[in-house]
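Report on the following structure.
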Amino acid sequence: MAAIDVTIPPGELQAIFDALPDVVFFLKDHEGRYTHVNLTLVRRLGMKDRSEVVGKTALQVFPPRLGGAYVVQDRRVLDGEIIENQLEVHLYPNRTPGWCLTFKRPLAGGRRSLIGISRDLGQPDSRDSAFGRLQRAVETMQAHYGEPLRVQALAAIAEVSVAQLERLFKRVFQLTPQQMLTKLRIEAAMRLLHTDASIADIGQACGFSDQSAFARQFKATVGVPPRDYRALRR
DNA sequence: TTTCCCCGCGAGGAAAATCT
DNA sequence: AGATTTTCCTCGCGGGGAAA
């Protein structure tokens with residue numbers, strides 16, 4: 001494929017992303033300060049004007065523990081890591097948690113910087129011809145996410161091969177079967193974290209093999225460990 | 001108080017199981 | 001086949017108590 005050499009100034013990029021209400025967009029400089037943010041992000045942060053965000057770091061615009069998590073992630077990205085299609089929960093002040101697929105990577109160029117794009121998880125495409133058979137697999141997940149569940153078994157339920165199930169799932173739900181299962185488990189865990197059950201019990205109840213695996217997965221998708229999430233929400 | 005121990009929790013390595 | 005996730009396990013930390 002021939003590369004087309006077009007350079008889009010950041011400001012223009014920002015304006016383009018302003019038009020996307022379900023996509024969060026930002027650029028950050030090497031010290032993690034926002035240099036460009038789209039209005040979607042500004043609004044979700046509970047602010048009115050872009051200038052309230054630009055120049056600040058995640059630490060300054062997110063609740064304390066959350067901001068810290070973003071700082072850590074940003075550092076890894078600045079060191080060259082690329083994050084693609086990562087299933088995440090975004091927590092904003094005064095906003096119900098939202099599921100997103102996140103893309104983040106360092107930006108080429110003189111000074112080190114990074115770009116991040118998160119798109120909200122859309123509604124499943126219920127008109128897709130495969131929806132019906134996937135429905136059965138999804139129902140199984142919903143009923144049994146608290147137990148060990150193998151994708152292979154789900155494929156059998158949907159009467160397709162594993163490979164086929166992956167493709168259909170992405171098409172209809174924008175998620176792989178594994179991601180959907182994780183989503184169900186973490187959602188349940190977030191609910192249970194409002195009670196005072198122990199962290200280990202919650203992990204167990206949500207289908208994680210042990211507390212360690214639970215905390216690890218939870219932190220990876222929510223950004224903070226279970227204990228901090230609980231503290232954050234009370 | 002101070003010391004000691006137990007617990008709950010988080011982090012992360014290594015190897016095996018599973019998924020993409 | 002290659003990448004990711006899970007499992008199993010160990011470690012360290014800090015918050016209670018209980019015991020001294």
Side-chain angles (χ1 to χ4, degrees), chain A residues 59 62-77 79-89 91 99-105 119 121 124 128 130 133-134 136-138 140-142 144-234:
Chain A
L59 278 176
F62 283 99
R65 318 191 196 226
L66 257 184
Y70 289 129
V71 168
V72 171
Q73 192 188 44
D74 288 349
R75 181 155 308 123
R76 292 218 317 275
V77 171
D79 283 339
E81 185 171 333
I82 294 179
I83 293 173
E84 269 175 304
N85 279 329
Q86 168 151 317
L87 183 62
E88 286 184 340
V89 175
L91 304 170
W99 288 91
C100 308
L101 288 169
T102 291
F103 171 94
K104 240 178 197 185
R105 56 163 281 185
R119 55 176 240 269
L121 219 51
D128 194 289
R133 56 177 34 182
L134 293 191
R136 296 207 301 279
V138 171
T140 305
M141 281 197 232
Q142 284 166 342
H144 300 290
Y145 63 78
E147 307 151 27
L149 250 189
R150 273 170 278 125
V151 171
Q152 181 128 351
L154 296 170
I157 287 163
E159 298 178 296
V160 295
S161 70
V162 171
Q164 194 62 211
L165 189 73
E166 303 284 352
R167 262 178 277 130
L168 294 178
F169 250 78
K170 270 193 190 156
R171 199 170 80 200
V172 176
F173 299 106
Q174 304 156 315
L175 296 173
T176 65
Q178 186 60 43
Q179 284 178 319
M180 160 134 348
L181 187 56
T182 298
K183 177 168 176 279
L184 285 168
R185 286 178 166 162
I186 297 291
E187 274 169 347
M190 289 193 294
R191 250 178 278 125
L192 288 174
L193 282 167
H194 292 292
T195 71
D196 46 17
S198 82
I199 304 277
D201 287 350
I202 292 173
Q204 184 69 40
C206 298
F208 296 96
S209 69
D210 63 7
Q211 163 267 325
S212 168
F214 172 47
R216 185 166 5 196
Q217 182 66 71
F218 194 91
K219 185 174 178 187
T221 93
V222 182
V224 297
R227 176 170 28 89
D228 291 7
Y229 176 83
R230 174 175 268 166
L232 210 56
R233 306 242 112 205
R234 50 176 59 151

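Letters go in sequence order (proteins before strands), and every chain restarts at 1.
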Nearest-angstrom distance from the residue atom CD1 of A:Ile202 to P of B:dG8: 14 Å
Without decimals, in angstroms, what is the distance between A:Leu193 CG and B:dC9 C1'? 13 Å
Name every donor-acceptor pair, under 3.5 Å, that has one atom in a side chain of residues 197-208 of chain A and the other anywhere in the protein, sequence neighbours excluded.
unit_1, atom_1, unit_2, atom_2, d
A:Ser198, OG, A:Asp201, N, 3.1
A:Ser198, OG, A:Asp201, OD2, 3.3

Measure the distance from CG on A:Asp201 to C1' on B:dC7 and round it to the nearest whole Å. 13 Å
Output all residues satisfying side-chain hydrogen bond (donor to acceptor under 3.5 Å, both in side chains) with A:Arg136, sequence neighbours left out; order by chain, then residue number. A:Glu159
So for A:Gln211 and B:dG10, does any side-chain atom that can act as donor or acceptor lie under 3.5 Å from a complementary atom in the base? yes
Judged by each residue's nearest nucleotide on DNA chain B, which is more toward the 5′ side, A:Pro177 or A:Phe214? A:Phe214
According to the salt bridge (Lys or Arg N to Asp or Glu O under 4.0 Å) rule, which pairs have a member within residues 202-212 of chain A, sequence neighbours left out? none
Residues in side-chain hydrogen bond (donor to acceptor under 3.5 Å, both in side chains) with A:Glu187, at least two apart? A:Trp99, A:Lys183
Step by step, would you call A:Leu175 with A:Leu101 a side-chain contact (heavy atoms from CB on, under 4.5 Å)? CA-CA 9 Å; A:Leu175 296 173; A:Leu101 288 169; 4.1 Å; yes
Taking side chain to side chain contact (heavy atoms under 4.5 Å, CB included) as the test, write out the residues that go with A:Arg216, two or more places apart. A:Ser212
List in chain and number order the residues that pass ring pair (Phe, Tyr, Trp, His ring centres under 6.0 Å) with A:Phe169, two or more places apart in sequence or in another chain; answer none if no residue qualifies. A:Phe173
With sugar-phosphate taken as primed atoms, P, OP1 and OP2 and all else as base, the protein-contact string of nucleotides 12-19 of chain B at under 4.0 Å (heavy atoms; B, S, -) is BB----SS
Under 3.5 Å, side-chain donor or acceptor atoms of residues 67-77 of chain A against the rest of the protein: list the pairs with distances, not counting sequence neighbours.
unit_1, atom_1, unit_2, atom_2, d
A:Gln73, OE1, A:Lys104, NZ, 2.6
A:Gln73, NE2, A:Glu88, OE2, 3.2
A:Asp74, OD1, A:Lys104, NZ, 2.8
A:Asp74, OD2, A:Lys28, NZ, 2.5
A:Arg76, NE, A:Glu81, OE1, 2.9
A:Arg76, NH2, A:Glu81, OE2, 3.2

What is the distance from CZ of A:Phe218 to C1' of B:dC9, rounded to the nearest Å? 14 Å
Please give, in whole Å, the distance from B:dC9 P to A:Asp228 CG? 12 Å
Go through DNA chain C in 5' to 3' direction and return only the first and the last nucleotide with some atom under 4.0 Å of chain A's heavy atoms. C:dT5 to C:dC9
